[in-house]
Student: 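Quick one: structure below, then a few questions.
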Amino acid sequence: MAFPFKGVDFIGFDAMLNDDERMARDATRDFIEDKLIPIIESCNREGRFPRELVPEMGMLGLFGANLHGYGCAGMSNVAYGLVMQELERGDSGLRSFVSVQSALVMYPIYTFGSDAQKDLWLPKLATGEALGCFGLTEPDFGSNPGGMRTRAVKDGDSYILNGEKMWITSGSIADVAVIWAKISNEDDRVRGFLVETDRPGFKAHDVHGKWSLRASVTSGLSLQDVRVPAENLLPGSGGLKSPLMCLNQARYGIGWGVIGAAMSCYDTALQYALDRKQFHDAPIASHQLVQEKLAWMITEITKAQLLSLQVGRMKDAGKVEHQHISMAKRNNVWMAVECARMARDILGGAGITDDYPIMRHMMNLESVKTYEGTHDIHTLILGQSVTGISAF
């Protein structure tokens, strides 16, 4: 059986948050406890995204939560991070969905879009009336997005798009796709386009057989002579820097989100260890090896909390750099993966069943370690930052 979550705060972390930040976290925590936890294991078994939760997430202001206007909540970046933490404590797939909707669809429209594009899409995306997806990764280009083969050709007052995208969260349920393409008759410059998914030539197929992110929709996209009006071009986008700015927003949320998954694993393992008796009718929490694992987990979770909080404060002050976000994403995902593995070890055979959330978190985190920049890619980003030498 799963245990009720009581929070994880070893050094008075809550005292470092303001009232609005705690309120945003607690409201999301209550939503996850009441609405997601009772159904997430069945969703995971069935490979089903809990779409029925979308309207309430919209009402709670979880979509585009750190954006201002257009019906968005206008939270601080720290409050937004705490929301991501609680969503991923529930399931990485749900946090991925909200991250894509917020950081990879609403953010580029908000940042690079025209006033007409913002007015049309952002209010509907904020409520969940419309869903979006982000098309950058391709079957042959993941860590090297600059190698993309998707092309757009200007044709009168339209653009014609051709290409393939892969590993796209929400691809088959999206109403609009933010598609990144090289414009063939503009020196292959990368630009962003808003592509309504009901346009002729646009197709999406779901990826089946996943062992990870089973409660999330993962798709491949195909664009065959998809014609979009010129006003669907995101006018402020230009060059590969634009989609990378979007990815930076998503990575920031991941750095916070995985703390939630780690908390779930740690809290489950701690309560299990206190309850499970073995050898002389003593709880296994009394054993030195079990205590070492729990001590490691709470220490690394606490360090991750402090790292994400500082990066969030820097982001709110307009002082954060991409390498700071890379450090948080790299460290915190690694930490969460290790917490999941240690927690599974503490639970023994019980840890592989979905009576407990640990194995689900462990499988999900293997994907999180890969997407939005792999662990190794972020290692090279940090290496370049401290040495001034690119190893790519």
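Note that the numbering runs from 1 along the sequence shown for the chain.
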Student: Decide yes or no for I183 and F193: does some side-chain heavy atom of the first lie under 4.5 Å from some side-chain heavy atom of the second?
Tutor: yes

Student: Under 4.5 Å between side-chain heavy atoms, hopping through other hydrophobics if needed: is there a path connecting L67 to L104?
Tutor: yes

Student: Return the OG to NZ distance between S216 and K210, rounded to the nearest 0.5 Å.
Tutor: 5.0 Å

Student: Restricting to non-hydrogen atoms, name the atom on S143 and the atom on T374 that form the minimum distance, rounded to 0.1 Å.
Tutor: OG-CG2, 4.0 Å

Student: If you count heavy atoms of other groups shown closer than 6.0 angstrom to NZ of K203, is the number above 12?
Tutor: no

Student: Looking at CG of L53 and NZ of K35, how far apart are the two atoms once the value is rounded to the nearest 0.5 Å?
Tutor: 7.5 Å

Student: Using only atom types and a distance under 3.5 Å, with no angle test, would you say the side chain of Q117 pairs donor to acceptor with the backbone of L233?
Tutor: yes

Student: Could you check whether any side-chain heavy atom of M106 comes within less than 4.5 Å of a side-chain heavy atom of Y70, counting everything from C-beta outward?
Tutor: no

Student: Do the side chain of E372 and the main chain of L247 share a donor and acceptor less than 3.5 angstrom apart?
Tutor: no

Student: Are V333 and M342 connected in a single hydrophobic cluster, I mean Ile/Leu/Val/Met/Phe/Trp/Tyr linked by side-chain heavy atoms less than 4.5 Å apart?
Tutor: no

Student: F49 vs F97 aromatic rings, parallel, tilted or perpendicular, using cut-offs 30° and 60°?
Tutor: tilted

Student: With a 4.5 Å cut-off on side-chain heavy atoms, are D175 and K124 touching?
Tutor: no

Student: Could you give the distance from CD1 (I301) to CZ (F13), rounded to the nearest 0.5 Å?
Tutor: 12.0 Å

Student: Could you pull out the closest heavy-atom pair between A103 and A250, with the gap in Å?
Tutor: CB-N, 3.6 Å

Student: Is it the case that Q305 and D9 place a side-chain donor and acceptor less than 3.5 Å from each other?
Tutor: no

Student: A side-chain contact here means heavy atoms from C-beta on lying under 4.5 Å apart; do T302 and V8 qualify?
Tutor: no

Student: Between the side chain of R89 and the main-chain N/O of S264, is any donor-acceptor distance below 3.5 Å?
Tutor: no

Student: Under the criterion side-chain contact (heavy atoms from CB on, under 4.5 Å), which of I179, N162, I160, V228 is the partner of L223?
Tutor: I179

Student: Got a donor-acceptor contact below 3.5 angstrom from the R214 side chain to the C43 backbone?
Tutor: no

Student: Are L36 and V83 connected in a single hydrophobic cluster, I mean Ile/Leu/Val/Met/Phe/Trp/Tyr linked by side-chain heavy atoms less than 4.5 Å apart?
Tutor: yes

Student: With a 3.5 Å cut-off and no angle check, do the side chains of R330 and S326 form a donor-acceptor pair?
Tutor: no

Student: Would a single hydrophobic cluster contain both I39 and M359, if residues Ile, Leu, Val, Met, Phe, Trp and Tyr are joined by side-chain heavy-atom contacts under 4.5 Å?
Tutor: no

Student: Around atom CZ of F279, are there more than 12 heavy atoms from other residues, nucleotides or ligands closer than 6.0 Å?
Tutor: no

Student: For the backbone of H378 and the side chain of K329, can you confirm whether one donor and one acceptor N or O come within less than 3.5 Å of each other?
Tutor: no

Student: Is there a chain of hydrophobic side chains (I, L, V, M, F, W, Y, each step under 4.5 Å between heavy atoms) that links F10 to M263?
Tutor: yes

Student: Assess the side chains of N332 and S308: does a donor N or O sit below 3.5 Å from an acceptor N or O?
Tutor: yes

Student: Donor-acceptor pair, E164 side chain versus P139 backbone, under 3.5 Å?
Tutor: no

Student: Answer yes when D91 and R360 have at least one side-chain N-carboxylate O distance shorter than 4.0 Å, and no when they do not.
Tutor: yes

Student: Does the S219 side chain pair with the main chain of D206, one donor and one acceptor, at a distance under 3.5 Å?
Tutor: no

Student: Can you check whether R344 reaches R341 side chain to side chain, under 4.5 Å on heavy atoms?
Tutor: no

Student: Take atom CH2 in W167; do more than 12 heavy atoms of anything else shown fall under 6.0 Å from it?
Tutor: no

Student: Would you check if the side chain of H324 reaches a backbone N or O of E321 as a donor-acceptor pair within less than 3.5 Å?
Tutor: yes

Student: Hey, which of D19, D14, D20 is the one that makes salt bridge (charged side-chain N to carboxylate O under 4.0 Å, His left out) with R25?
Tutor: D14

Student: Decide, yes or no, whether a salt bridge links E86 with R29 under the criterion of side-chain N to carboxylate O below 4.0 Å.
Tutor: yes

Student: D187 and K182: salt bridge (charged side-chain N to carboxylate O under 4.0 Å, His left out), yes or no, with the steps?
Tutor: CA-CA 8 Å; D187 298 324; K182 292 180 177 179; over 6 Å; no

Student: Run the side chain to side chain contact (heavy atoms under 4.5 Å, CB included) check on I109 and L122 step by step: do they pass?
Tutor: CA-CA 8 Å; I109 296 173; L122 290 178; 4.0 Å; yes

Student: Measure the shortest side-chain to side-chain distance between Y80 and Y252 over non-hydrogen atoms and say whether it is less than 4.5 angstrom.
Tutor: yes

Student: Does a sphere of radius 6.0 Å around CE in M327 hold more than 12 heavy atoms from other residues, nucleotides or ligands, not counting ones at 6.0 Å or beyond?
Tutor: no

Student: Return the minimal non-hydrogen interatomic distance between W180 and M148, and the atom names on each side.
Tutor: O-SD, 3.5 Å

Student: Considering residues, nucleotides and ligands other than L274, do more than 12 of their heavy atoms fall under 6.0 Å from its CG?
Tutor: yes

Student: Got a donor-acceptor contact below 3.5 angstrom from the K165 side chain to the L136 backbone?
Tutor: yes

Student: Let me confirm one number: the CZ-OG distance from R191 to S237, rounded to the nearest 0.5 Å.
Tutor: 4.5 Å

Student: Report yes if the side chains of N232 and V195 come closer than 4.5 Å at any heavy-atom pair, otherwise no.
Tutor: no

Student: How far does OH of Y371 sit from CG of L213, to the nearest 0.5 angstrom?
Tutor: 5.5 Å

Student: Within a strict 4.5 Å, meaning less than it, do heavy atoms of the S170 and L131 side chains meet?
Tutor: no

Student: To check you understand the geometry: which heavy-atom pair defines the closest contact between D316 and S76, and what is its length?
Tutor: OD2-CB, 3.6 Å

Student: For atom CG of D157, is the number of surrounding heavy atoms from other residues, nucleotides or ligands below 6.0 Å larger than 12?
Tutor: no

Student: Any ion pair linking K369 and E366 (charged N to carboxylate O, less than 4.0 Å)?
Tutor: no

Student: Determine, stepwise, if the pair L244 / H322 fulfils side chain to side chain contact (heavy atoms under 4.5 Å, CB included).
Tutor: CA-CA 10 Å; L244 294 182; H322 70 276; over 6 Å; no

Student: Would you say R199's side chain and R227's backbone share a donor-acceptor pair under 3.5 angstrom?
Tutor: yes

Student: Which pair of heavy atoms, one from C72 and one from A126, lies closest together, and at what distance?
Tutor: SG-CB, 4.2 Å

Student: Distance from L221 atom CG to I168 atom CD1, nearest 0.5 Å?
Tutor: 5.0 Å

